[in-house]
Amino acid sequence: GQNIDQPTEMTATEGAIVQINCTYQTSGFNGLFWYQQHAGEAPTFLSYNVLDGLEEKGRFSSFLSRSKGYSYLLLKELQMKDSASYLCNAGNNRKLIWGLGTSLAVNP
Amino acid sequence: DTAVSQTPKYLVTQMGNDKSIKCEQNLGHDTMYWYKQDSKKFLKIMFSYNNKELIINETVPNRFSPKSPDKAHLNLHINSLELGDSAVYFCASSQRSGSEFNFGPGTRLTVL
């Protein structure tokens, strides 16, 4: 079957580093996406990985291991505005499936 | 210069009514989608259109009917609304099937 697993909730402190994990099983693979969704807003695209390794984009980095069906999103120097839900999304050209999202709370 | 827009933002209506939600994208993308996000925050794809042609039609009651008059528009019509239809409906577009999504702001539908 196809599914994506990610933790439901995480808590971290302002200024710290947090890693949000995602494991996936898909039929065919064309890449893995991470999105951020603030409460009451639409998801916004954060990152895309199709090859193994780490992609860095400012404070946010995303890692992929295709052989392990595993990805993580790394958030550094956490800010209060990073409190949001982080959605993992993967699949093939025809169909991308979604995780339920990880709700991250950043505390002062 | 809004990329993906949808109207209305809020929709409150009675059970049994028929309503439509409109979506437009000005990104020149080939593929457009309708997603439903329920109270548990799970994003569920409903439909996908590529160049006005339906390519994904998930298990959705046939009370829901998408219409794509052209590549830049994908509207959603819902007949005989039910309480369980209450959710946020997101329109999205992508350059092609399998690339990242640009989401509209969402339409919060409440059925009373």
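Each chain gets a letter, A, B and so on, in the order the sequences are listed, and its residues count up from 1.
- Heavy atoms of L87(A) lying under 4.5 Å from chain B belong exclusively to its side chain.
- Of the options Y35(B), F42(B), Y33(B), a ring pair (Phe, Tyr, Trp, His ring centres under 6.0 Å) to W98(A) is made by Y35(B) and by none of the others.
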For Y48(A) and E100(B), what are the C-alpha separation, side-chain angles and deciding distance, and is it a side chain to side chain contact (heavy atoms under 4.5 Å, CB included)?
CA-CA 8 Å; Y48(A) 170 63; E100(B) 76 266 19; 5.6 Å; no

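- For the pair P43(A) and L43(B), the tightest heavy-atom approach, listed with the atom from each and the gap, is CG-CD1, 4.0 Å.
- Follow the hydrophobic side-chain contacts under 4.5 Å out from I45(B) and you never reach M32(B); the two are in separate clusters.
- Across all non-hydrogen atoms, the minimal contact from F90(B) to Q37(A) is CZ-NE2, 3.7 Å.
- Residue-environment remark: NZ (K40(B)) stays at or below the threshold of 12 foreign heavy atoms within 6.0 Å.
- The contact between S99(B) and chain A is made entirely by backbone atoms, counting heavy-atom distances below 4.5 Å.
- Heavy atoms of other residues, nucleotides or ligands lying less than 6.0 angstrom from CD of E77(A) number 12 at most.
- For Q95(B), the CD atom sits in a loose shell: 12 or fewer heavy atoms of surrounding residues, nucleotides or ligands are nearer than 6.0 Å.
- Heavy-atom neighbours of R66(A) CZ from other residues, nucleotides or ligands within 6.0 Å: above the threshold of 12.
- With a 4.5 Å cut-off on non-hydrogen atoms, F33(A) touches chain B through its side chain but not through its backbone.
- Atoms OG1 and CG, on T44(A) and N102(B) in that order, are 10.0 Å from each other to the nearest 0.5 Å.
- Annotation: K22(B), atom NZ; neighbour count of heavy atoms from other residues, nucleotides and ligands within 6.0 Å does not exceed 12.
- A 6.0 Å sphere centred on NZ of K44(B) holds more than 12 heavy atoms belonging to other residues, nucleotides or ligands.
- Taking the six-membered ring for Trp and thresholds of 30 and 60 degrees, Y35(A) and F101(B) have ring planes inclined between 30 and 60 degrees apart.
- The nearest pair of heavy atoms linking F103(B) to A42(A) is CB-CB, 3.8 Å.
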